[in-house]
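To start, the structure itself, in structure tokens.
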Amino acid sequence: MASYDSDKIGKLHRHLHTHLPSDPALRVKALESLLVEKGIVAQDSIDAWVELYAEQIGPKRGATVVARSWLDPEFRDRLLEDAGQAIKEFGFEGHATEHLKAVENTREVHNLVVCTLCSCYPFAVLGVSPIWYRSAAYRSRAVKEPRAVLDEFGVTLPEETRVRVWDSTAELRYLVVPERPAGTEDWTEDQLSALVTRNAMIGTERDLKVA
Amino acid sequence: MDGIHDLGGKDGFGPVPVDTPDFQHDWERRQWALSEIAAAPGGTIDWWRHGIECMAPMAYLSLPYFEKWCLNEMAHYVDQGVFSTDEVLAGHPDAPGEPARSFNAEASLQFARRFNISYAVEMSTGPEFELGDEVRTINTPVSGHTRLPGYARGHTGRVVAYHGGHLFPDAGARGTHEGGHLYTVEFTASELWGEDSPDAVCIDLWEAYLVRA
């Protein structure tokens, strides 16, 4: 039974951090050994999960969803209405996507996603978050000076484009749908999805590059 | 909690590490797996998050993300009495258990789909606010868990979306299953930061954080 006692959990954190070996690899190894030896999880299951996120669950999923929304107006409507439901058409639902929202970039609006309070992220469609997304610099500055942050990513916005920053403070997660680049009118879904980068779906990239 | 985790709007962290390679250490991948498939039982998502908020501020700012997750799992396992502190420090349980059943790649893929947990809660009363309403956030220090960021307190914004009832984090972190009406409120950058700007910040906020402006 959880104690729900802030002082107790804080004290445990400080005690463990002080007394465990400082190497994070050894800390995780200790946790893994405990859980495996106690029979809470099997070694093979951990290996399978690592493999799953290395091979199958990642930004390619989000890119497929974006490309489909460019090609199929009815799918686009469903995605904007309820992205959490729409991605189930691909079997992409999973960690942190039940309340997924898709937000579209337009000439007038550029969307940028952050989680200032922790590092919430739509794992099941984008994989594990990049290091910069969890950095104190990104979390602190994205809400206050989004244009300066975008500039560091090489994105300069036209003056008429407004930035809308989404701070995902609840269980809603956000997926940015970038604009479809010009010159891709007769492209297939596979060709289109190859253009969509992870950063574009977070909002730190804007104009997708057509090779 | 008015802790170090509440980073929005804080100055001094320097440039975003945009060029950091996406490389993940093996221990990071394994910690991600452990947190997903062997998360400390019981508790609530908000109690779990609150655990990380209760780390010492220096550790919070300096430890890698997945190391914080590792310590948090350990702290929660001890808090719930599954392991003792000594067992965690030793890295071995005093009494081993029966080996857990393992699952393969295909089973993991299906298992992963089940993590799309809904946090929606049926509400017995209707929402107080409507789309377009002007609302002001409360500005009260909070000792426990909350999802109203410090930078957004005491500011006026406009309701741009309503999401029905969602589990209320402040109560969830105390072990109480309670719903609250959830909205997205848009604040102009000028309102939040006092600068002339066309930009805006949208924040998902529960009704308990809001009063009519």
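Labels below follow one simple rule: chain letters A, B, ... track the order of the sequence lines, proteins then strands, and each chain is numbered from 1.
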Within a strict 4.5 Å, meaning less than it, do heavy atoms of the [X] and [Y] side chains meet?
| X | Y | value |
| --- | --- | --- |
| B/R147 | A/E171 | no |
| A/Y138 | B/F13 | no |
| A/H95 | B/E36 | yes |
| A/T169 | B/L148 | no |
| B/P96 | A/K38 | no |
| A/H17 | B/L63 | yes |
| A/R141 | B/L7 | no |
| B/V201 | A/V163 | no |

Toward chain A, the part of [X] with a non-hydrogen atom under 4.5 Å:
| X | answer |
| --- | --- |
| B/H92 | both |
| B/S143 | neither |
| B/A173 | backbone |

Tell me, side chain or backbone of [X] under 4.5 Å from chain B's heavy atoms, or both, or neither?
| X | answer |
| --- | --- |
| A/V41 | both |
| A/K29 | neither |
| A/Q56 | side chain |

Checklist entry - Which distance, rounded to the nearest 0.5 Å, do you find between the CG of B/D6 and the CZ of A/R139? => result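 Taking CG in B/D6 and CZ in A/R139, the distance rounds to 9.0 Å.
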Between the side chains of [X] and [Y], does any donor sit under 3.5 Å from an acceptor?
| X | Y | value |
| --- | --- | --- |
| A/H15 | B/T85 | no |
| A/Y174 | B/D204 | yes |
| B/D79 | A/S3 | yes |
| B/N116 | A/E93 | no |

Item to check | Top contributor to chain B contacts, counting heavy-atom pairs under 4.5 Å, from A/D44, A/V50, A/L34, A/D167 | outcome: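 Looking at each option in turn, the highest pair count goes to A/L34.
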salt_bridge([X], [Y]) N-O dist < 4.0 Å:
| X | Y | answer |
| --- | --- | --- |
| B/D11 | A/K144 | yes |
| B/E186 | A/R164 | yes |
| A/R27 | B/E28 | no |

Item to check | Validation row, ring centre B/F115 to ring centre A/W49 under 6.0 Å | outcome: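 Yes.
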Checklist entry - Mind checking whether A/H99 and B/Y119 have parallel, tilted or perpendicular rings, split at 30° and 60°? => result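 Answer is tilted, since the angle falls between 30° and 60°.
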Next on the checklist: Among B/L61, B/T20, B/D26, B/I37, which residue has the highest count of heavy-atom pairs closer than 4.5 Å to chain A?
Outcome noted: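 Of B/L61, B/T20, B/D26, B/I37, B/I37 has the most heavy-atom pairs under 4.5 Å with chain A.
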